[in-house]
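We're numbering straight along the sequence, starting at 1. It should be emphasised that the depicted structure is a prediction, and the values quoted were computed from it without experimental measurement.
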Amino acid sequence: MAANVKNTFTRFIYVYILFLLAGVAGIIRIIVLQLDSDRVTTDDIYTEEVLMPSRGSILSYDGRPLAVSIPVFELRWDSKVVNDSLFSADVKALSAGLSRIFRDRSASQYEQYLRNGKRNSKRYLRIGNRDIDFGELEIIQNLPIFRLGQFKGGLIVLKDSYRENPYGRLGYRTIGHMNADGSGTGIEARYDYKLRGEKGSRTIHRTLGDEWLPVNGAPFKPAVDGYDIRTTIDVRIQEATETELRRQLSMSDVFVGATAIVMDVATGAVRGIANMYRNSDGTFDESYDYATGHATEPGSTLKLAALMAMIEDKHITLDTEVDGGDGIWYYGGAKITDTHQGGYGKMTAMEAFEKSSNIAFAKMITESYEDNPSTYVSRLHNMKLLEKLNLDIGGEGYAYITSPDDERWSKSTLASLGYGYAVTLTPLHILTFYNAVANDGRMMRPYFIEDFERDGIVEERSGQYVVSGSICSKSTLKAVRKALRGVVENGTAKICNDSRYAIAGKTGTARVAINGKYEDDNGYRRYQASFAGYFPADDPKYSCIVVLYTGKTRGNFYGATWAAPVFKRIADKIYASHPEWEAPLNPGNAAPPDNPRIASGLAGSKGMPMDFMPMKDRPVVNGLSWVRIDSGDGSDVPVVESMEIEPGIVPDVRGMGLKDAIYLLENEGFKVSFSGAGRVAAQHPGAGTELSSGNRITLTLK
């Protein structure tokens with residue numbers, strides 16, 4: 001009995017000591033936790049959450065998005081919060097839904113993937129093989145299990161965004177981009193501080209359910225979204241500018257780059273700007289800023305400034321006679337030549353400008369300013385030709401002119417200045433000068449940004465700025481505008497003449513120095529071919545410059561041949577989109593034919609217009625697809641024949657409009673090129689020819 005009591009007492013002592021030690025250990029643990037700064041602190045309960053703003057969009061002048069931030073979402077899954085019975089019941093349906101959306105695993109593979117995650121208590125398991133958009137997110141959030149939300153279904157949604165250019169590479173060099181390291185180009189980089197907005201912050205705390213919630217009454221700073229930037233770019237003009245420049249560059253492998261700019265005459269707003277640089281694989285892309293940052297000797301486009309200066313200083317008139325001689329003239333040890341074999345002989349200043357005679361302009365400039373060349377240089381400065389433009393997108397190249405006090409000045413420098421050498425200008429500098437001539441002498445600063453806005457409300461305006469109220473007298477302006485029109489009517493730019501609307505401008509051809517020489521020891525040269533002008537000449541709306549740059553070549557590349565056609569095609573597209581320029585039709589007493597001529601093509605596109613045409617009898621096209629229509633002489637009922645389209649056989653597209661012809665041929669897998677205007681008059685290869693997909697068919701329009 002005594003022994004049992006003793007044993008019981010001993011066990012009680014052991015238990016007492018055990019509880020005592022546990023209590024001491026607990027107290028020590030509490031003290032350690034209180035003293036150990038690496039353990040539980042207020043930071044484990046409270047933290048500062050950063051609120052990210054949305055990056056602003058870059059818009060065209062009419063509000064179309066050129067660059068926007070698209071929200072995307074990354075999905076993770078916390079398997080521990082999902083009830084086991086719920087998981088077992090719905091995992092198959094969830095797996096099937098994820099397989100349909102992501103297509104990276106089969107439904108059974110997704111089920112196995114989720115079961116493994118559940119078995120291993122994964123709390124941040126990646127769902128899917130890519131980020132998803134908002135539409136996909138809505139579908140996924142309604143799948144079984146995930147529809148219960150983060151704290152019961154375990155779906156964790158991480159928001160991010162990426163920058164998208166809805167028009168692809170259109171205007172890409174001007175719109176620009178931003179890299180992750182903060183570097184970039186164009187408007188994206190120049191106005192990053194406006195676009196990125198301001199980060200916000202708020203204090204959040206962790207609840208017992210391991211959920212983070214905002215702390216009521218704590219300081220809160222909302223995120224401020226970035227500004228939207230409305231640019232001056234007109235998408236239609238931008239597209240025409242790039243398309244026609246690329247088209248011309250594709251005609252020769254010698255070109256290494258090109259630029260074209262279209263400006264609104266009255267305001268200086270840049271409506272289109274393209275910069276094409278040849279990549280190592282031979283393709284062209286918007287990766288180098290020729291337009292605003294590349295300053296070179298412009299050549300004959302600068303003869304406009306020389307003509308204006310000499311008339312303004314009353315040294316010459318358009319009727320002043322000058323002798324171009326036999327095409328070769330030496331001055332100050334330099335050889336000056338004209339491209340015309342045998343020279344131009346005697347001519348007026350107007351004719352010299354139209355023919356772009358280097359000799360004539362070298363002679364007139366030296367005779368006018370030889371005694372005091374500084375007055376000519378000062379005149380160019382007074383006309384704001386070399387003015388720093390302070391562009392609102394940055395990246396402006398440096399305009400420079402050789403002056404008499406410069407160590408590089410020689411006796412021949414003055415003559416060189418007369419036809420566009422010994423001075424470096426960017427294409428935008430030259431265009432700004434031509435634009436001032438079109439704008440009745442008022443020089444406007446080129447600009448690219450209309451305003452900064454949020455939610456469609458303008459908060460800050462950019463816009464117009466007058467560089468000079470008048471670059472010359474009205475009489476001088478009248479004379480040089482006449483001369484610019486003469487270049488197109490009678491001179492080197494006849495290719496730009498058009499009966500519908502008048503163009504005025506000047507061609508330019510310049511050799512580009514290679515290591516200080518215009519021709520290397522092997523006879524290779526570099527050229528830039530240009531054309532600058534405005535239209536319509538009698539009431540200018542737009543000014544434009546086109547410049548193409550060659551690599552080393554032994555050939556000759558002239559502005560009249562290579563740059564002027566691009567200018568003309570751009571102007572044509574702009575003209576076509578401005579019906580208000582067209583003179584109103586005056587039908588007089590002419591009566592429409594009983595049965596008008598109708599082009600062949602897709603029947604569905606013919607039925608409705610024929611319902612409204614003045615026709616005695618209407619051909620039946622219901623149920624037909626592609627049709628040939630023989631309208632006869634206009635007095636007979638049009639005859640409609642169904643066309644049978646056979647794979648591998650060239651269809652007959654004669655009589656069709658270009659749009660229908662291209663649509664049909666390209667749908668059959670052929671490539672198409674064309675020349676002329678009107679309807680298809682001839683095609684090669686001819687109709688019925690067996691031809692495999694990918695071959696080219698050439699159409700002649702009349």
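A salt bridge does not link E489 to K494: none of the charged nitrogens lies less than 4.0 Å from a carboxylate oxygen. Ion pair E244/R569 flagged as a salt bridge, since at least one NZ, NE, NH1 or NH2 atom sits closer than 4.0 Å to an Asp/Glu carboxylate oxygen. The residues E387 and R445 are annotated as not salt-bridged, no charged nitrogen and carboxylate oxygen being separated by less than 4.0 angstrom. Classification of K541 and D264 as a salt-bridged pair fails, no side-chain N sitting under 4.0 Å from a carboxylate O. Salt bridge annotation for R55-D192: present, with a cationic side-chain nitrogen under 4.0 angstrom from a carboxylate oxygen. Looking at R173 and E242, no side-chain N of the basic residue comes within less than 4.0 Å of a carboxylate O on the acidic one, giving no salt bridge. Taking 4.0 Å as the cut-off between side-chain N and carboxylate O, E519 and R525 count as a salt-bridged pair. Between E239 and R236, no side-chain nitrogen of the basic residue sits less than 4.0 Å from a carboxylate oxygen of the acidic one, so the salt-bridge criterion is not met. Residues R500 and D572 are paired through a salt bridge, judged by an N-O separation under 4.0 Å between the basic side chain and the carboxylate. Electrostatic pairing of E351 and K355 does not count as a salt bridge here, judged by no charged N lying under 4.0 Å from a carboxylate O.
Annotation for D281: atom CG counts as buried by contact number, over 12 foreign heavy atoms lying within 6.0 Å. Within 6.0 Å of the CG atom in N515, the count of heavy atoms belonging to other residues, nucleotides or ligands does not exceed 12. Taking a 6.0 Å sphere around NZ of K552, one finds it holds 12 or fewer heavy atoms contributed by other residues, nucleotides or ligands. Within 6.0 Å of CZ in R461 there are 12 or fewer heavy atoms belonging to other residues, nucleotides or ligands. Shown here is H684, whose NE2 atom has no more than 12 heavy atoms of other residues, nucleotides or ligands within 6.0 Å.
Under the rule for a ring-ring contact (aromatic ring centres under 6.0 Å, His included), the partners of F452 that lie at least two apart in sequence or sit in another chain are Y191. In this structure S468 satisfies the side-chain contact (heavy atoms from CB on, under 4.5 Å) test together with K384, M443, I471, sequence neighbours excluded. Remark: Y369 engages H315, Y376 in a ring-ring contact (aromatic ring centres under 6.0 Å, His included) (not counting sequence neighbours).
Figure legend: cation-pi geometry between K335 and W329 absent, as NZ or CZ is not positioned both under 6.0 Å from the six-membered ring centre and within 45° of its axis. Relative to the six-membered ring of F353, K506 meets both conditions, a distance below 6.0 Å and an angle of at most 45° to the axis. Remark: R554 qualifies as a cation-pi partner of Y524 under the 6.0 Å distance and 45° angle criteria applied to the six-membered ring.
In terms of modelled atom types and a separation under 3.5 Å, the side chain of E453 and the main chain of Y227 share no donor-acceptor contact. The backbone N or O of N279 lies less than 3.5 Å from no partner atom in the side chain of T283, so there is not a single donor-acceptor pair. For the pair Q248 (side chain) and W562 (backbone), a donor-acceptor distance under 3.5 Å is present. A distance-only check finds no donor-acceptor pair linking the side chain of T424 to the backbone of A295 [under 3.5 Å]. Remark: the backbone N or O of I449 is paired with a side-chain donor or acceptor of D392 at under 3.5 angstrom. Proximity of a side-chain donor or acceptor of D406 to a complementary backbone N or O of R408 within less than 3.5 Å is detected. Checked by atom type and distance alone, the side chain of T296 never pairs as donor or acceptor with a backbone atom of P298 at under 3.5 Å. N165 places a side-chain N or O within donor-acceptor distance of the main-chain N or O of L66, the cut-off being under 3.5 Å. The main-chain N or O of L59 is never found under 3.5 Å from a side-chain atom of S57 such that the two would form a donor-acceptor pair. No side-chain donor-acceptor contact under 3.5 Å links Q528 to the backbone of A510.
Aromatic ring orientation, H294 versus Y549: perpendicular (interplanar angle above 60°, classes split at 30° and 60°). Y290 and Y277 have tilted rings, their planes meeting at an angle from 30° to 60° on a 0 to 90° scale.
Residues E354 and G486 share a closest heavy-atom pair of OE2-CA, 3.5 Å. Taking each heavy atom of F361 and A306 in turn, the nearest pair found is CD2-CB, 4.0 Å. Listed here is the closest heavy atom pair of V235 and S60: CG2-CB, 3.8 Å.
No side-chain donor from either of N435 and Y534 sits under 3.5 Å from a side-chain acceptor of the other. No side-chain N or O of E450 forms a donor-acceptor pair with one of T232 less than 3.5 Å apart. With 3.5 Å as the limit, one finds a donor-acceptor pair spanning the side chains of T507 and T492. In the model, T550 has no side-chain atom that pairs as donor or acceptor with a side-chain atom of R526 under 3.5 Å.
A distance of 3.0 Å separates OG of S356 from NZ of K303, quoted to the nearest 0.5 Å. Atom-to-atom distance recorded for L431:CG and I273:CD1 is 9.5 Å, nearest 0.5 angstrom. Considering OG of S183 and CG of D181, their distance stands at 3.5 Å, rounded to 0.5 Å. Between M308 atom CE and L380 atom CG the span is 10.5 Å, to the nearest 0.5 Å. Once rounded to the nearest 0.5 Å, the distance linking CD1 of I336 with OH of Y331 reads 9.0 Å. Atoms CE and CG, on M364 and L307 in that order, are 7.0 Å from each other to the nearest 0.5 Å.
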side-chain hydrogen bond (donor to acceptor under 3.5 Å, both in side chains) for T476 and E312? Distances and angles first, verdict last. CA-CA 6 Å; T476 298; E312 186 74 356; 2.5 Å; yes

List the steps and the verdict of side-chain hydrogen bond (donor to acceptor under 3.5 Å, both in side chains) for H429 and T426. CA-CA 5 Å; H429 277 99; T426 68; 2.7 Å; yes

For a side-chain contact (heavy atoms from CB on, under 4.5 Å) check, start with the C-alpha distance between Y465 and M444, then their side-chain angles and the critical distance, and finish with the verdict. CA-CA 6 Å; Y465 178 81; M444 307 299 294; over 6 Å; no

Mind running side-chain contact (heavy atoms from CB on, under 4.5 Å) on M276 and Y288 for me, showing each step along the way? CA-CA 7 Å; M276 297 295 163; Y288 181 78; over 6 Å; no

Take F567 and I503 through the test side-chain contact (heavy atoms from CB on, under 4.5 Å) and record every step on the way to the result. CA-CA 10 Å; F567 183 106; I503 292 174; 3.6 Å; yes

Can Y447 and V270 be said to form a side-chain contact (heavy atoms from CB on, under 4.5 Å), step by step? CA-CA 6 Å; Y447 72 98; V270 176; over 6 Å; no

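Among residue pairs with one or both ends in residues 229-251, none qualify as ring-ring contact (aromatic ring centres under 6.0 Å, His included); sequence neighbours excluded. For residues 388-427, the set of pairs meeting the ring-ring contact (aromatic ring centres under 6.0 Å, His included) definition, not counting sequence neighbours, comprises Y419-Y421, Y421-Y518.
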Side-chain donor-acceptor pairs of residues 252-261 under 3.5 Å, sequence neighbours excluded:
from: S252; atom 1: OG; to: V254; atom 2: N; distance (Å): 3.2
from: T259; atom 1: OG1; to: A274; atom 2: O; distance (Å): 2.8
from: T259; atom 1: OG1; to: N275; atom 2: OD1; distance (Å): 3.3

